[in-house]
Amino acid sequence: MTDFKPKSEFLVTLKERGFIHQCSDFEGLDALAAKGKAIAYVGYDCTASSLHIGNYISIMMLYWLQQSGNKPITLMGGGTTRIGDPSGKDETRALRSIEEIDANKAAIRTVFSKILTFGDGASDAVMIDNADWLTKVNWIDMLRDVGRHFSVNRMLSMDSVRLRLEREQEMSFIEFNYMIAQSYDYVELARRAGCNLQMGGSDQWGNIIMGVDLGRRMGTHQLYALTTPLLTTASGAKMGKTAQGAVWLNAEQFSPYDFWQYWRNTEDADVGKFLKLFTVLPMTEIRRLEALQGSEINEAKKALANAATELLHGKAAAEAAAETARTTFEEGGAAAGLPTVEIDGAELARGLGVLAVFVKAGLVPSNGEARRQIQAGGLRVNDAVVGDPTAVLKPADAINSGAIKLSFGKKKHVLLRPV
RNA sequence: GGGGGAAUGUCCCGAGCGGCAAAGGGGGCGGACUGUAAAUCCGCUGGCUACGCCUUCGCAGGUUCGAGUCCUGCUUCCCCCA
């Protein structure tokens with residue numbers, strides 16, 4: 001792929017921004033995309049109530065697809081989630097209830113419209129749910145029409161299956177069928193919507209390519225496959241994990257402020273890569289930011305945080321997060337935009353123990369942890385290190401804004417507001 | 001069907017003569033150094049009304065002053081033989 005020189009705007013953009021890992025046929029796809037005839041889908045599991053940063057990459061691919069005049073399809077896995085994708089997992093996850101899947105689906109779908117334009121136009125995005133057909137298939141028909149095209153020998157050699165078998169880890173029949181369902185989805189989308197490209201993470205390569213094969217056997221038009229590299233940080237960690245868990249895209253589960261902070265804390269070596277993948281800043285600007293050295297890299301990190309947050313949560317939210325960060329970290333103040341926890345004013349008047357306060361604020365999980373952190377000098381009230389675990393907070397501790405600023409470590413701050 | 005192993009601090013791996021809140025890693029968190037980075041160094045990594053109390057070693061019983069450790073039954077997983 002390194003020697004391939006794409007001509008279409010779509011592939012040129014994807015290539016220069018580092019989205020491409022593997023493609024089934026660069027030339028063929030390039031020709032299609034150049035004519036604005038690429039109709040691409042990405043499937044999203046409904047295993048959680050929000051998508052996370054890993055999914056964000058694929059949404060960005062759909063974004064660039066749409067920007068270049070092609071058509072994106074977001075496929076909700078309302079049907080496939082009932083089966084459970086074995087790819088990249090050591091063991092079977094608990095099956096989710098149908099109610100849970102539907103609830104997740106409803107929560108997830110809102111995020112796409114922030115980045116893609118939906119509608120009836122030629123390059124407008126559409127959303128489709130594979131429950132529409134997967135829940136209706138007849139087993140015998142399925143076996144005769146679709147199943148006969150699958151070689152079990154080949155299925156056993158797929159990474160998602162083979163790795164499980166090699167490690168002697170259990171794999172149930174239902175999971176074994178996942179790739180069939182996903183392959184069938186591709187064919188169904190080709191027939192229903194003229195879809196001709198499926199994109200996804202590199203762990204999906206096997207599933208996608210099986211769909212391409214199935215399409216050929218079942219007589220669809222030519223199908224294509226395109227995957228993104230598995231993203232890790234420069235120091236080798238999987239991307240998207242923080243102390244609180246995954247980096248979610250829904251604001252309710254991961255606030256714009258936290259989202260901004262996530263990017264602001266990017267490792268130096270990753271800034272350029274992330275700018276290309278997670279922002280729509282022009283390449284000329286990205287090259288300038290990438291070239292910064294030493295502490296100047298902080299400018300690039302702020303640009304990254306601003307641009308990524310703006311794209312997902314909007315300009316106002318991004319600016320608010322940036323301003324909160326500025327007053328908190330650059331002035332050492334207590335910005336009003338910090339996460340706020342309300343407490344009963346009467347309770348505060350009676351006096352609240354520091355231990356309980358930090359637990360109440362959600363900064364530490366237990367009194368014991370609070371104690372340990374005090375030992376280590378990790379807790380601060382209004383920027384003063386807490387040295388005494390028996391200290392008590394009173395209304396008089398509230399500073400100018402009427403709130404008390406609690407800090408855990410250098411980066412986590414919460415305002416405690418009496419009401 | 002027969003025989004032999006294994007399950008440990010609910011993040012993971014993993015030691016554990018009958019006195020154990022339980023070795024050691026990894027990961028994570030905090031501190032120092034920096035630039036809200038990385039690397040490095042140091043500390044912490046069951047709960048509580050905290051010089052004490054409570055709950056943890058697959059599940060349920062038993063022996064014992066005392067059980068992760070011994071006995072019995074059960075569950076799950078692995079290996080060998082048929």
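Each chain gets a letter, A, B and so on, in the order its sequence line appears, and its residues count up from 1.
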Whole-angstrom distance between [N] and [M], as gauged at atom [atom1]:
N	M	atom1	result
C44(B)	C53(B)	P	23 Å
G14(B)	U8(B)	C1'	9 Å
G61(B)	C57(B)	P	13 Å

List, one per line, each side-chain donor-acceptor pair under 3.5 Å for residues 340-351 of chain A, sequence neighbours excluded.
residue, atom, partner, partner atom, Å
T340(A), OG1, L338(A), O, 3.1
D344(A), OD1, A346(A), N, 3.1

Could you list the protein-to-nucleotides 53-55 of chain B atom pairs, N/O on both sides, closer than 3.5 Å?
none

- Query: How should the glycosidic conformation of C20(B) be described, syn or anti, under the criterion that syn lies within 90° of 0?
  - Reply: syn
- Task: Just compare U36(B), G30(B), A37(B) and give me whichever is closest to any side-chain atom of E267(A).
- Result: A37(B)
Report each atom pair, protein N/O against N/O of nucleotides 33-35 of chain B, whose distance is under 3.5 angstrom.
residue, atom, partner, partner atom, Å
G35(B), O6, D268(A), OD2, 3.4
G35(B), N1, D268(A), OD1, 3.3
G35(B), N1, D268(A), OD2, 2.7
G35(B), N2, D268(A), OD1, 2.6
G35(B), N2, K301(A), NZ, 2.9

To the nearest Å, give me how far apart [atom1] ([X]) and [atom2] ([N]) are.
X	N	atom1	atom2	result
F408(A)	C44(B)	CZ	C1'	10 Å
L379(A)	G43(B)	CG	C1'	14 Å
D270(A)	A38(B)	CG	P	10 Å

- Note: contacts of residues 363-377 of chain A with RNA chain B (heavy atom, under 4.0 Å) are S366(A), N367(A), G368(A), R371(A), R372(A), Q373(A), A376(A), G377(A)
- Query: In Å, rounded to the nearest 0.5 Å, how long is the span from CD of E252(A) to OG of S50(A)?
  - Reply: 8.0 Å
Do any side-chain atoms of residues 312-321 of chain A form donor-acceptor pairs under 3.5 angstrom with protein atoms, and if so which ones, sequence neighbours left out?
none

- Task: For atom CD of Q375(A), decide whether the heavy atoms of other residues, nucleotides or ligands shown that lie under 6.0 angstrom number more than 12.
- Result: no
- Task: For K405(A) and V381(A), run side-chain contact (heavy atoms from CB on, under 4.5 Å): C-alpha distance rounded to whole Å, both residues' side-chain angles, the deciding distance at 0.1 Å, then the answer.
- Result: CA-CA 6 Å; K405(A) 181 183 177 190; V381(A) 172; over 6 Å; no
- Task: Give a yes-or-no answer on whether the side chains of E9(A) and Q67(A) include a donor-acceptor pair shorter than 3.5 Å.
- Result: no
- Query: Does the side chain of K302(A) get closer than 4.0 angstrom to OP1 or OP2 of A37(B) through an N or O atom?
  - Reply: no
- Message: Determine whether N367(A) and F358(A) satisfy the following criterion, side-chain contact (heavy atoms from CB on, under 4.5 Å), listing intermediate values before the conclusion.
- Response: CA-CA 8 Å; N367(A) 285 6; F358(A) 275 89; over 6 Å; no
- Query: R372(A) and E369(A): salt bridge (Lys or Arg N to Asp or Glu O under 4.0 Å), yes or no, with the steps?
  - Reply: CA-CA 5 Å; R372(A) 284 191 287 272; E369(A) 178 63 14; 3.2 Å; yes
- Does the separation of the ring centres of W263(A) and F278(A) fall below 6.0 angstrom? yes
- May I ask you to say what W260(A) touches in the nucleic acid, namely base, sugar-phosphate or nothing, with a heavy-atom cut-off under 4.0 Å? base
- Run the salt-bridge test on E285(A) and R288(A) with the 4.0 Å N-O cut-off and return the result as yes or no. yes
- Item | Pairs touching residues 123-143 of chain A that satisfy salt bridge (charged side-chain N to carboxylate O under 4.0 Å, His left out), sequence neighbours left out | K105(A)-D129(A)
